[in-house]
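Working notes for the structure below.
Labels below follow one simple rule: chain letters A, B, ... track the order of the sequence lines, proteins then strands, and each chain is numbered from 1.
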Amino acid sequence: MENLIIQISKYVLMILFTIYTFYCFRVFAVKNKNRQNRIFRGQRTLTLLIHLLCTALLFMNTKNVSVLILGALQIVFYLVCVKLYQMFYKGLSKLILNNMMMCMMIGFIMLERLAIEQTVKQFVLAAAAAGICLFVPLFIHRFTFWERLGWQYAAAGILLLLLVFVIGQEKYGAANWVEFGGVGFQPSEFVKIIYVFFIAAVLSKSRSFKEILMITGVAGIHVIILVLEKDLGAALIFFVTYLMMLYIGTEKLAYLLVGFGGGTAAAVGAYHVFSHVRVRVVAWRDPWSVIDAEGYQIAQSLFALGNGGWDGTGLNRGLPESIPVVESDFVFAAISEELGAIFAICLILVYLSSYIMFVNIALKMKKEFYKLTAFGLSVIFIFQVLLCVGGVVKFIPSTGLTLPLISNGGSSIVSTIVIFSVIQGMYILNEKGVNESERK
Amino acid sequence: MRVNENNEANVNDNNKRNREMTVVTYLVLILFLVMIGYIAKFLLGNTNELLSNNKNMRQNLLEKTITKGSILANDGKVLAKTETNGKGKESRVYPYDGLFAHVVGRTKNGKTGLERSESYTMLTTNVNPLYSMVNEIKGVKNPGNHVVTTLDVSLQKAASAGIGDRKGAVIVMEADTGKILAMVSKPTYNPNQIMADWNRLLKDKGEESALYNRVTQGLYPPGSTFKLVTALEFMREQENPEKFRYQCTGSIGTGPDKLHCYNRKVHGEVSLESAVALSCNTAFAKIGTGLDIKKWSNLCQSLYFGKKIPFELDQSVSRFELSESDSAAMIRQTAFGQGNTLVTPLQNILLTAAACNNGTVMKPYLVDHVEDSSGNIIKENKPQSLSEVITKKESKKLMQMMEATVSYGTASALKGRSYRAGGKTGSAEFKLKSSDSHAWFVGFAEKGKKKIAVSIIVEAAGTGSEYAVPVARDIFDAYFD
């Protein structure tokens, strides 16, 4: 009987989420404000329905009362967040807000499914981050030093990254972890935001060749430190972000092409110099030949995807636990196995719609610094999704990145909430300016 | 996707920058589309294979809700089934004990054979959803699908009896479809008692090695059966191979490289056909030294030397490793099947099977169809051609040579039967200076429209004519009479 319920509800979930995803794109074509708002309200109802159904299924399977308590808290969190964000961020992009909340809710459900003992910590961190970020618009508005700073960002970022070498710890093959008074965090997750501020601030002031060379050098230092920390995913993201921002900032396609050439050469070099790079490539090219060692994780991930198929096994009916650290870097495989590839692909599309909205916001920005920051952050965000999912499905070598807002990991969820909030904050400030000038 | 805001200030500058952002966004969209395409391709591919992987623990999940289906012979006889005792405990039973041990395989101590490759199939259920739902509610397991193989119990028995207590391997294939009718590896073990016998079986890693399937995993020197390959290459390089004549004096070469015909026999003047039929080593040594080694290697490659044959079971890869820098002595050795060449009985059937099927090798397969618990066909495997290795003309000539081997050569034991037969014997020396040799026979028999090919090896027995050909005769008799 239980199985029957799970089988039926997996299709219900798939349909609900498909509608949600459809709305994500539909809204771009709808110009009427009222109709837009109807769509957004619909999305919120869908989110809550999906969350309620999943919580019920999890409870049915585990008979664990804490699932119900957590579920109730999450719904409260959801309602409060949606309310407060709309109060503190007047005129924000509701699509981005909805998507952020949706992804977080999916993340909570998956974490309860995979490692329930970690859910409380993740939930508290997310709530705290969301709470603090309510004040982001205020911070941006009140303090005007954000764009006046420049190289200071880089200095702070590099120092934070170097912290790992002093008090760092190795986790899952990457030495990118710092513990400070009992609280562990991953500096690169936060440095990436500072790093975007740095490039945006410097580039918005000067685009002389000398300046560009210096930015390149400093960005290179970031990347090299990350490679030495074996944090290959972050290294790649930093590199791509630098390249994209440089291209937007200077409008020179040549930089992009030269950058890609240089990046490819550097990647080939890294492959030959660092064994930890080679290991990842070997595991990607033929995980089956090294299934007992490097290839184990990716092979298990493919087993999960294959087992789930298009419609999934139903929540709690797969075996995603067989993938090492599934609740973090490989959560996408767990989603695809139990909720189905259609659900998982919809999730990718939800991320994409957020990204498109981000870029739309960047397009509208008038201040150079805002424009570059918003764009840089959106590149960081979407490339993280690409590298994470790509690694899980063996599209590219796995680089050990988290899936934004869904993977377990305090640093990751906090930094993503910050990214979403900063973009939203800049957006409403910009809109204010536009509205004022339109009204004249 | 692009929201165009034509704002007042810096319109030009802004638009320009926006163009770049749009470019990047399209780039991102393309990357994601390709990735989603990749996921779709992965899911549309053969994900069953993943589920059959030994490292995939998910089958254990399925076994909770589905009773594993059976493996059946081509006439429906049960080769493996799951029995549930009164207490609901399941066990896998093999009614023929060791007869099908290697091809059907086992589920304990590592899955092997069809029990491994078809495990997921048998843990899938196709009973009607309503019935399945009722079972679900009642808490009763649904019956899994059955795998109906191409295996023929009487041929398997004949092949097994033919090898007797010796060590060896037999594979029988329907030449025009690729259906495997029998696959025997000796010595065998009893999969019903695998747990009790396990330690003993593990100890026999040396010559016995009862656990491994010699048909697909055993690597042997091909001996004179390889002369068919050499002869084929020779025909390709010569304009008039029929005109080839060689005066066999029983030996060729000098000093330590001196080679003899088997038992130092002197064959006198031979043609290509009689060199094959009589298995004249010296004639082939002579032929070998004149061959283009590159082309010869290419021919071997097309016969699945150096690569896996598409087939369900685990296999070793056959080797042909002659290079242009090798000595003349090595080239001569290789030409008649000694040297460094190693083949599996599975590989060795391919050329013969192609020859009696107008040059086309059919893809060997073991699963005829999959049916649900009430006998409805769920999936049917159709014969597929693997490759067209040789031309029709070449296949005819190879057939003539193989028939000559029966009519006046080393396989005369097959003469005068109710069917037309041909083949090539081999006596592969596997130890230096030892009189022991592996007895080989690859061949075919046809009667009316039915055509089967065999590849047989009897380890350390003696000549192919004496020890392998009679096994072939038993099999052909059992099949056609």
Which atoms of [X] approach chain B - backbone, side chain, both or neither, heavy atom under 4.5 Å:
X         : answer
Glu321(A) : neither
Tyr351(A) : neither
Leu4(A)   : both
Ile291(A) : side chain
Leu349(A) : side chain
Ala304(A) : both
Phe383(A) : side chain

Atom [atom1] of [X] and atom [atom2] of [Y]: how far apart are they, to the nearest 0.5 Å?
X         : Y         : atom1 : atom2 : answer
Ile342(A) : Leu43(B)  : CD1   : CG    : 9.5 Å
Arg19(B)  : Leu363(A) : CZ    : CG    : 13.0 Å
Tyr247(A) : Leu27(B)  : OH    : CG    : 9.0 Å
Ile382(A) : Leu31(B)  : CD1   : CG    : 10.5 Å
Met365(A) : Met21(B)  : CE    : CE    : 9.0 Å
Leu352(A) : Leu33(B)  : CG    : CG    : 8.0 Å

Pick whichever of [options] has the most heavy-atom pairs under 4.5 Å with chain B.
options                                    : value
Ile248(A), Val393(A), Leu253(A)            : Ile248(A)
Met357(A), Gln300(A), Gln7(A)              : Gln300(A)
Thr313(A), Thr250(A), Leu305(A), Leu256(A) : Leu305(A)
Val389(A), Ile396(A), Leu386(A), Ile345(A) : Leu386(A)

Is any side-chain heavy atom of [X] closer than 4.5 Å to a side-chain heavy atom of [Y]?
X         : Y         : answer
Leu302(A) : Phe42(B)  : yes
Met244(A) : Val23(B)  : no
Val359(A) : Thr22(B)  : no
Met57(B)  : Phe303(A) : no

Practice item. Let me see the working for Ile39(B) and Ile348(A) under side chain to side chain contact (heavy atoms under 4.5 Å, CB included), right down to the final yes or no. Key: CA-CA 12 Å; Ile39(B) 296 174; Ile348(A) 298 177; 4.1 Å; yes
Show the numbers, then the answer: is there a side chain to side chain contact (heavy atoms under 4.5 Å, CB included) between Val24(B) and Met245(A)? CA-CA 10 Å; Val24(B) 171; Met245(A) 289 183 75; over 6 Å; no
Heavy-atom nearest pair, Lys394(A) first then Tyr38(B), reads O-OH, 2.9 Å
Practice prompt. Please step through side chain to side chain contact (heavy atoms under 4.5 Å, CB included) for the pair Trp310(A) and Leu44(B), ending with a clear verdict.
Written response: CA-CA 9 Å; Trp310(A) 294 103; Leu44(B) 293 172; 4.0 Å; yes
Q.
Quick check against the 3.5 Å criterion: does Glu20(B) have a side-chain atom that pairs as donor or acceptor with the backbone of Gly249(A)?
A. no
Between Tyr355(A) and Leu29(B) (side chain of the first, backbone of the second, donor and acceptor by atom type, cut-off under 3.5 Å), is there such a pair? no
query: Can you tell me if NZ on Lys205(A) sees more than 12 non-hydrogen neighbours from other groups inside 6.0 Å?
result: yes
inquiry  = Heavy-atom count check: over 12 atoms from other residues, nucleotides or ligands less than 6.0 Å from Lys308(B) NZ?
reply    = no
* Please step through side chain to side chain contact (heavy atoms under 4.5 Å, CB included) for the pair Trp288(A) and Leu50(B), ending with a clear verdict. => CA-CA 10 Å; Trp288(A) 313 113; Leu50(B) 292 177; 3.2 Å; yes
The interface call for Leu62(B) against chain A, heavy-atom contacts under 4.5 Å, is neither
